[in-house]
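Start at 1 and go down the list; that is how both ligands and their atoms are numbered.
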Amino acid sequence: MMRPARTVAAIHDLSGVGRCALTVVLPVLSAMGAQVCPVPTAVLSAHTAFSGIAVRDLTDFLPAYLDHWRALGLRFDAVYAGYLGSPAQVEIVSDLLAEQEGALKVLDPVMGDDGRLYSGMAEEMPAKWRSLCAHADVVTPNMTEYALLSGEAYSLAPRTRAQAEKVLRNLLDMGAKSAVVTSLPLEDGLANAYMRREDGQMGVCAFERLDAHYPGTGDLFASVLTGALLRGEGLEDAVGRATDFTRLCVRRSMRFSTPVNYGVDLEPLLPRLWEKGAE
Ligand code: PXL
């Protein structure tokens, strides 16, 4: 049956160079058939792994931006939040989530990687994100963000199955309905692991360890996941699709000598997201 495109309010930054945040979210979700309405939290000349960047925080601009949307009476099929530039933005997002009752809420607590907060990220953000996660249908932290949210020490030591289940249960205890932890080290390798509160069963989507680390792959994963869930796929299939597409982009990028800071070479692969989506 023909239906209009699903709509996603995507709350993330606009980094001009480096393929992360909105420059990944927009093409990916569009290729999956959704209309993306961006809520830019900050404008950066390039993401924060580059040095010498120009940054403009948009916290003061967001209330007027969203008030206009309120005046339009917009209802979204999904609200997807990633990079938030200040503690005050968490309150702004929290209000939007409360208003968009019927929307799928995907919250990616973008705060850091490799055991450290991203440059410029405020120290209060982990506590703020922890309370925001209570409103999520799905949260998608990496291992650094899991440590920041849970207060546990950051560790990439391989987890037993029981330890991995505990990681996911800790996230569900923050209030989310489902949790996906990306690049979780298990005894037999890396996996994106997930659990729904509904059944408490852990699912594991294993993937090969690749010898390259590109910024923006967490944003890519969460975008494909959101697009798949919006198309009606279950969590297991959505995690599988997001894992496969992200690995495909990383493997393709590794064939080129482009520095990793420029992100994964995803554009030529976007048609693969479309193929399954056209109705
Ligand atoms: O990909 C996560 C991300 C998002 N936004 C900004 C970043 C990063 C990672 O470095 O710097 C601004």
TODO: Starting from atom 10 (O) of ligand 1, find the nearest protein heavy-atom neighbour and note its residue, name and distance.
DONE: Tyr118 CE2, 3.4 Å
Task: Ligand-residue contact atoms, ligand 1 with Gly216, heavy atoms, under 4.0 Å - done: 1 (O)
- [ ] Using a 4.0 Å heavy-atom threshold (strictly under), name the region of Pro215 that reaches ligand 1: side chain, backbone, both or neither.
- [x] neither
Open item on the list: Check the orientation of His47 and Phe50. Use parallel for under 30°, tilted for 30 to 60°, and perpendicular for over 60°.
Closed with: tilted
TODO: Just let me know how Asp113 lines up against ligand 1, side chain, backbone, both or neither, with a heavy-atom cut-off below 4.0 Å.
DONE: neither
Task: Main-chain N/O of Ile53 paired with Ser45 side-chain donor or acceptor, under 3.5 Å - done: no
TODO: Indicate whether any N or O donor in one side chain lies under 3.5 Å from an N or O acceptor in the other, for Ser183 and Asn142.
DONE: no
- [ ] Return a yes/no value for Thr48: is any of its N or O atoms, backbone included, closer than 3.5 angstrom to an N or O of ligand 1?
- [x] yes
Task: Element-labelled atoms of ligand 1 that are located less than 4.0 Å from some non-hydrogen atom of Cys20 - done: 1 (O), 4 (C), 5 (N)
TODO: Examine the side chains of Asn170 and Ser150 and answer whether a donor and an acceptor come within less than 3.5 Å of each other.
DONE: no
Open item on the list: Is it the case that the side chain of Arg130 and the backbone of Leu149 share a donor-acceptor pair, with hydrogens and angles ignored and the cut-off at 3.5 Å?
Closed with: yes
Open item on the list: Check whether Ser253 reaches the backbone of Asp265 with its side chain - one donor and one acceptor, N or O, closer than 3.5 Å.
Closed with: yes
Open item on the list: Distance under 4.0 Å to a non-hydrogen atom of His47: what atoms of ligand 1 satisfy this?
Closed with: 7 (C), 11 (O)
TODO: Number the atoms of ligand 1 from 1 as they appear, then name those within less than 4.0 Å of a heavy atom of Ser15, with their elements.
DONE: 12 (C)
- [ ] With heavy atoms only and a cut-off of under 4.0 Å, state how Asp13 meets ligand 1: side chain, backbone, both or neither.
- [x] side chain
TODO: Mark yes when over 12 heavy atoms from residues, nucleotides or ligands other than Arg252 sit less than 6.0 Å from its CZ; otherwise mark no.
DONE: yes
Open item on the list: Could you identify the single nearest non-hydrogen protein atom to atom 1 (O) of ligand 1 and state the distance to 0.1 Å?
Closed with: Asp219 OD2, 2.7 Å
